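As structure tokens, the structure follows; a few thoughts come after it.
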Protein chains: 2
Amino acid sequence: MSSARFGSIPEDRQKTRDRQLSRPPTIVDVAERAGVSKSLVSRVMRGERAVSASSREAVIAAAESLGYRPNAVARSLVQRRTFNVGVIISDLHNIFFAEVLDGLGVAAAAGGYRILITTGNRDPDAEAQALEQLLQLRADGIVLAGARLQPEVVAAAARSVPVAVVGSNFPLAEVDVVVNDDVRGGELAVEHLAGLGHVCIAMIDGGEGAGASDRRAGYESAMRRLGLGRQARVEPGDFTEAGGREGIRRLLEARPRPTAVFASNDLAAVGALNAIEEAGYQVPRDMSLVGYDNTALAALRHISLTTVNQPRRQIGELAMASLLRRIEHPTARARRQVLPPELVVRATTAPPRASSSPSP
Amino acid sequence: MSSARFGSIPEDRQKTRDRQLSRPPTIVDVAERAGVSKSLVSRVMRGERAVSASSREAVIAAAESLGYRPNAVARSLVQRRTFNVGVIISDLHNIFFAEVLDGLGVAAAAGGYRILITTGNRDPDAEAQALEQLLQLRADGIVLAGARLQPEVVAAAARSVPVAVVGSNFPLAEVDVVVNDDVRGGELAVEHLAGLGHVCIAMIDGGEGAGASDRRAGYESAMRRLGLGRQARVEPGDFTEAGGREGIRRLLEARPRPTAVFASNDLAAVGALNAIEEAGYQVPRDMSLVGYDNTALAALRHISLTTVNQPRRQIGELAMASLLRRIEHPTARARRQVLPPELVVRATTAPPRASSSPSP
DNA sequence: ATGAAAGCGCTAACAT
DNA sequence: ATGTTAGCGCTTTCAT
């Protein structure tokens with residue numbers, strides 16, 4: 001870890017490089033041009049009240065004519081805070097986080113902060129580096145979205161700056177955590193399917209994916225509670241399209257063959273959908289299908305997947321609110337918020353066919 | 001614009017807030033603990049060679065025991081450069097940019113820089129603010145991905161820091177531009193369809209979307225060149241699923257009815273695909289379909305869309321390379337790079353049916 | 001209402 | 001090989 005922190009600057013960076021010919025104007029340039037002290041310029045820039053109208057105008061005019069732009073680096077150094085919150089997204093390819101980011105951004109702006117996004121591209125090492133970068137940049141707080149970081153690494157970071165985690169139920173009391181109730185989501189899927197009359201309801205698991213184990217727990221407990229425990233069957237999967245396809249292939253050969261499947265995320269569900277149709281069956285006539293996450297994919301008319309929705313935007317908003325609270329009140333304790341998911345019924349679920357054994 | 005720049009700090013920020021009880025350790029703390037001067041610590045931190053092994057060890061030990069982490073803010077202030085490049089993504093919901101970001105990140109890292117991502121959420125004002133933030137943060141360079149900013153705003157920024165634009169053919173000589181050749185892409189789609197034997201080839205336009213007008217130009221020129229100019233027909237659209245659906249509805253009623261359609265992006269193509277099937281026709285039997293962008297959507301087995309691929313990752317890499325070049329050599333001139341797209345044939349295109357008029 | 005001065009944490013000459 | 005010194009551009013007392 002220390003190696004990531006120290007001595008990591010490329011050598012050539014130490015040699016002098018071509019320099020900008022003219023430096024950008026500073027507060028001193030503005031002060032001179034306006035014929036005032038630099039403190040006065042600083043006051044005007046920060047919108048302090050106690051400044052006469054005449055000097056305010058003079059300063060603004062000078063600043064504008066010079067094209068002056070406050071240097072946030074210098075400001076942050078003296079204020080010892082940057083007013084920006086770093087956000088580490090494990091995987092920007094996962095559209096799930098885009099909406100969480102909307103929530104984060106809105107809440108940050110409301111508090112006078114801005115977010116700076118970095119990504120680790122699913123690589124824990126790169127993520128750790130991104131974290132270190134944000135820490136060195138002295139971000140006032142850090143949000144981890146779908147982080148694949150080791151808890152110890154996160155705990156260490158949480159000791160120097162407030163940290164919030166979204167999208168995964170991170171096992172750490174020192175960080176704010178905002179998640180959707182994946183257990184409840186799994187139950188919701190089963191209850192919907194059982195309510196339609198399905199008995200033989202299988203699941204395609206999400207493996208190591210965030211929330212996967214909770215979703216499976218919800219599936220299993222609901223099956224048991226509804227007296228369907230003996231019909232429960234979980235196929236391995238991994239949150240991918242291919243995983244969904246393979247899971248379905250095995251399920252289609254099972255006896256009794258399930259009449260409904262709960263896939264642990266939308267992508268796997270789409271893979272399942274495709275494999276079912278390729279095998280000559282129809283959805284939902286021959287088999288019902290429920291996904292998870294309510295991504296844009298599920299909403300496509302061409303797919304119209306029944307799925308479980310996570311309040312993504314709200315997750316982002318709450319996480320940022322908790323984080324800002326701790327930034328401004330360092331003694332406040334971190335909290336864990338679990339939000340209820342909600343079923344979105346579309347076109348891939350229907351009652352099972354009368355005949356118990358569907359055929360092509 | 002000046003209003004975005006000055007006096008925008010919320011008033012409460014000026015009051016004192018709860019402070020961290022213990023400040024993070026500085027280079028001076030490390031120096032004291034190690035019994036050396038702070039310059040020596042600085043040297044060790046930056047990995048300079050001319051340091052004796054013994055003092056290096058002492059410094060590292062001291063730094064580690066204190067949990068010291070270099071302050072990039074202070075470092076940037078004195079070096080007058082931050083070694084980070086700001087990236088403004090117009091819309092993080094658009095997965096197209098995720099891969100461009102990969103390329104940007106890789107090339108930045110190779111040059112010893114890091115990227116900081118911000119977003120304007122499709123709102124030009126928010127984008128302008130993000131730009132201002134990055135400028136105040138003194139990013140060494142800025143990349144605009146799918147920017148909706150006014151050319152004057154961009155030109156102004158380009159005067160104080162190198163700027164690169166990706167994904168849209170920005171009309172500005174002062175910025176590096178890296179784009180896919182949308183005209184050629186449009187031609188590719190038509191050539192493929194015509195090669196299969198289609199004559200009546202329609203297009204669903206992309207409206208104001210980035211690259212849309214070039215794609216249409218390519219479509220039109222290829223149709224003319226192939227002697228199909230009279231069969232050309234362009235329906236309005238807007239890069240959305242709904243736009244694709246509506247475009248197809250009108251096309252299905254046209255006489256003669258086209259046997260192939262080129263949609264200006266994948267999302268519109270998926271909308272078209274859905275509407276075609278809903279109307280009782282089959283793809284590609286009754287109608288062939290080509291999209292644009294080769295997004296993850298197109299690659300889904302359930303969709304398997306023939307489409308035009310943009311070298312997204314390469315676009316990112318080249319843009320960053322050009323930008324870094326100008327950062328390190330301020331006198332270098334900005335350049336414009338146009339990359340060739342490439343057709344990806346999947347399952348939505350086939351020769352037209354023998355009967356000239358397909359029926360349900 | 002305004003200015004002078006100190007200092008944020010660090011790097012970069014310039015000594016030695 | 002190491003230390004001393006002078007800033008980087010800004011905010012913030014403290015005077016006036």
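Within every chain, numbering begins at 1; the chains are lettered A, B, ... in the order of the sequence lines, protein sequences first and strands thereafter. The shown structure was predicted, so the numbers you read here are calculated from the model rather than taken from an experiment.
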Distance-only polar pair, side chains of Arg138(A) and Thr82(A), donor-acceptor under 3.5 Å:
no
Problem - Short side-chain N/O contact to dT12(D) OP1/OP2 from Arg46(A), under 4.0 Å - result: yes
Between CG of Leu137(B) and P of dG9(D) the distance, given in whole Å, is 16 Å
Arg80(A) atom CZ is separated from dG7(C) atom P, nearest whole Å, by 12 Å
From OH of Tyr68(B) across to C1' of dG9(C) the rounded distance in Å is 7 Å
Of Leu116(A), Thr118(A), Leu137(A), the one forming a side-chain contact (heavy atoms from CB on, under 4.5 Å) with Asn84(B) is Leu137(A)
Arg23(A) CZ to dC8(D) P, in whole Å, measures 6 Å
Please tell me if Gln79(A) has a side-chain N or O lying less than 4.0 Å from either OP1 or OP2 of dC8(C). no
When rounded to the nearest 0.5 Å, the distance separating CD1 of Ile117(A) from OG1 of Thr119(B) is 6.5 Å
In whole angstroms, the gap separating P of dC10(C) from CZ of Arg69(B) amounts to 12 Å
Those residues at least two apart in sequence (or on a different chain) that pass side chain to side chain contact (heavy atoms under 4.5 Å, CB included) with Ala126(A) are Asp123(A)
Rounded to whole Å, the CZ-P distance (Arg81(A) to dG9(C)) equals 15 Å
Would you list the protein and nucleotides 2-6 of chain C atom pairs, both N or O, that sit under 3.5 Å from each other?
from	atom 1	to	atom 2	distance (Å)
dT2(C)	OP1	Ser52(A)	OG	2.9
dT2(C)	OP1	Ser55(A)	OG	2.8
dT2(C)	OP2	Ser52(A)	N	2.9
dT2(C)	OP2	Ser52(A)	OG	3.3
dT2(C)	OP2	Ser55(A)	OG	2.8
dG3(C)	OP2	Ser37(A)	N	2.8
dG3(C)	OP2	Ser37(A)	OG	3.0
dG3(C)	N7	Arg43(A)	NH1	3.3
dG3(C)	O6	Arg43(A)	NH2	2.6
dA4(C)	N7	Ser39(A)	OG	3.4
dA4(C)	N6	Ser39(A)	OG	2.9

Please table the atom pairs, donor to acceptor, closer than 3.5 Å between any side-chain atom in residues 50-62 of chain A and protein atoms at least two apart or in another chain.
from	atom 1	to	atom 2	distance (Å)
Ser52(A)	OG	Ser54(A)	OG	3.3
Ser52(A)	OG	Ser55(A)	N	3.3
Ser52(A)	OG	Ser55(A)	OG	2.5
Ser55(A)	OG	Ser52(A)	O	3.3
Arg56(A)	NH2	Glu48(A)	O	2.9

d(Leu101(A) CG, Arg313(A) CZ) to nearest 0.5 Å is 11.0 Å
When rounded to whole Å, the CZ to P distance for the pair Arg138(B) and dG9(D) reads 9 Å
Here the distance between atom P of dC8(C) and atom CZ of Arg75(B), to the nearest Å, is 19 Å
